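Because the structure is a prediction, the values reported are computed rather than measured. Labels below follow one simple rule: chain letters A, B, ... track the order of the sequence lines, proteins then strands, and each chain is numbered from 1.
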There are 2 protein chains.
Amino acid sequence: MKRRNTATKEAVLSVLQSSGKAMSQGAIEKKIGIDINRATIYRVLNRYCDDGVLHRIVADDGRQYFAVCIKCDEHLKPLHHFHFRCEKCETIECLPEPVHFSLSNDYVVKRVNCVITGICKDCAKS
Amino acid sequence: MKRRNTATKEAVLSVLQSSGKAMSQGAIEKKIGIDINRATIYRVLNRYCDDGVLHRIVADDGRQYFAVCIKCDEHLKPLHHFHFRCEKCETIECLPEPVHFSLSNDYVVKRVNCVITGICKDCAKS
DNA sequence: TGTATTATTGCAATATTGTCGCAATAAATA
DNA sequence: TATTTATTGCGACAATATTGCAATAATACA
Ligand SMILES: [Mn+2]
Ligand SMILES: [Mn+2]
Ligand SMILES: [Zn+2]
Ligand SMILES: [Zn+2]
């Protein structure tokens, strides 16, 4: 299944890159400017996740958020990191904080989803 | 808002206590034997959460799971602990592993939701 | 350049999860 | 027993996300 370049794909990625945060489909649709169907945005996001371009966070509001993946070897963000969801400004940021846990090797770990919810440092000031 | 004792409430709590795991509304409804309305189960669960009897986990399948709270001063389980969701047996267990993270004090932390997803040790054997 | 292949898209329908309003029921209290 | 009101069942509703299908368009190739 070879990928094709489309304006839609690039617009979605561009929104996520410039925001620097994790965004929901709805937030992306608002920011993106051009008119793209909801289902299409979801399909674009899911394909980016499959390809390792984006990663998916499920917050405790039950919604999916998507953020650009930072490669591990760039030593900027570890593979499994915490996320912070601000209830005021409705954003999710990838924290540089790595997730550490020890688990008996009987377990097979496939995904790690860690979200801290509260008020972010910007919103806490005001 | 004084609570009243009902068969429904006790049945829901009993299912969760005997399972020893975190369960979704659907899983509870299947196990509970008696016929209880879906909305009622949710209301019972939400009230138990408000009262500190249960705690809520949102897994990366986007669903809410509920588990009996273990008091912190019993030194059995810490306040914020990891959870493991098994994709095979569809259960979530509260891990004894505490969640550690450091965050600048500018942030206000309200909730912590950490779920590791994969195959649990029981299912990994077979 | 023109054509064939098929990945991508828009649209509508669908599935799933969870909440809410309202009237009926029943637990607690006197 | 009578009163108060927390709880319940039911249906409707909201929100998120996915899927089938036909139309469109990106890519490869003659
Ligand atoms: Mn992240
Ligand atoms: Mn738990
Ligand atoms: Zn904020
Ligand atoms: Zn299992």
Practice task
Please check the phosphate of D/dT8 (OP1 and OP2 only) for any side-chain N or O of B/Arg47 closer than 4.0 Å.
Solution key: yes

Exercise for the section: Report yes if a side-chain nitrogen or oxygen of A/Lys2 is closer than 4.0 Å to either non-bridging phosphate oxygen (OP1 or OP2) of D/dA28; otherwise report no. Expected result: yes

Rounded to the nearest Å, what distance is computed from the [atom1] atom of residue [X] to the [atom2] atom of nucleotide [N]?
X: A/Ile41; N: C/dG10; atom1: CD1; atom2: P; result: 9 Å
X: A/Tyr42; N: D/dT16; atom1: OH; atom2: P; result: 7 Å
X: A/Tyr48; N: C/dT8; atom1: OH; atom2: P; result: 10 Å
X: A/Asn46; N: D/dT16; atom1: CG; atom2: P; result: 16 Å
X: A/Asp51; N: C/dA7; atom1: CG; atom2: P; result: 13 Å
X: B/Gln64; N: D/dA15; atom1: CD; atom2: P; result: 16 Å
X: B/Asp50; N: C/dT19; atom1: CG; atom2: P; result: 11 Å
X: A/Arg63; N: C/dG18; atom1: CZ; atom2: P; result: 15 Å

Using the salt bridge (charged side-chain N to carboxylate O under 4.0 Å, His left out) rule, collect all pairs that involve [range], keeping only residues at least two apart or in two chains.
range: residues 101-117 of chain B; value: A/Asp60-B/Arg111, A/Glu87-B/Lys110, A/Glu87-B/Arg111
range: residues 29-50 of chain A; value: none
range: residues 3-22 of chain A; value: A/Arg3-A/Asp51

Problem - Donor-acceptor side-chain pairing of A/Glu97 and B/Ser102 below 3.5 angstrom - result: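 Judged by distance alone, the side chains do pair up.
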
Exercise for the section: Decide whether B/Asn46 and B/Arg56 meet the rule of one side-chain donor and one side-chain acceptor closer than 3.5 Å. Expected result: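 Checked: B/Asn46/B/Arg56 side chains pair up, N/O donor to acceptor below 3.5 Å.
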
same_hphob_cluster([X], [Y]) at 4.5 Å side-chain heavy-atom cutoff:
X: A/Phe101; Y: A/Leu95; value: yes
X: A/Val68; Y: A/Tyr65; value: no
X: A/Phe82; Y: B/Phe84; value: yes

Handout entry: Out of C/dG18, D/dT8, C/dT8, whichever nucleotide has its closest atom nearest the side chain of B/Val44
Key =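 So the nucleotide nearest the side chain must be D/dT8.
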
Handout entry: Side chain to side chain, B/Glu93 and B/Cys120, heavy atoms closer than 4.5 Å
Key =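 A side-chain contact exists here, since the closest heavy-atom pair is under 4.5 Å.
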
Handout entry: Contact summary for B/Ile57 and B/Asn113, nearest pair of heavy atoms
Key = CA-OD1, 3.6 Å

Exercise for the section: Output the residues of residues 3-12 of chain A in contact with DNA chain D, where contact means a heavy atom of the residue under 4.0 Å from an atom of the strand; sort by number or write none. Expected result: A/Arg4, A/Asn5

Problem - Near-strand residues of residues 26-39 of chain A, defined as heavy-atom separation under 4.0 angstrom from DNA chain D - result: A/Arg38, A/Ala39

Practice task
Would you please indicate yes or no on a ring centroid separation below 6.0 angstrom for A/His55 and A/His81?
Solution key: yes

Exercise for the section: May I ask you to check whether A/Phe66 and A/Tyr48 place their ring centres under 6.0 Å from each other? Expected result: no

Exercise for the section: Give one of base, sugar-phosphate or nothing for B/Gln25, where a contact means two heavy atoms less than 4.0 Å apart. Expected result: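 Answer is nothing: B/Gln25 stays at 4.0 Å or more from every strand.
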
Practice task
Using a heavy-atom cut-off of under 4.0 Å over every strand shown, decide if B/Arg43 touches base, sugar-phosphate, or nothing.
Solution key: base

Handout entry: Axial bend angle, the helix from C/dT1-D/dA30 to C/dA30-D/dT1: five-pair end segments, nearest 10°
Key =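 One end's axis against the other's: 30°.
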
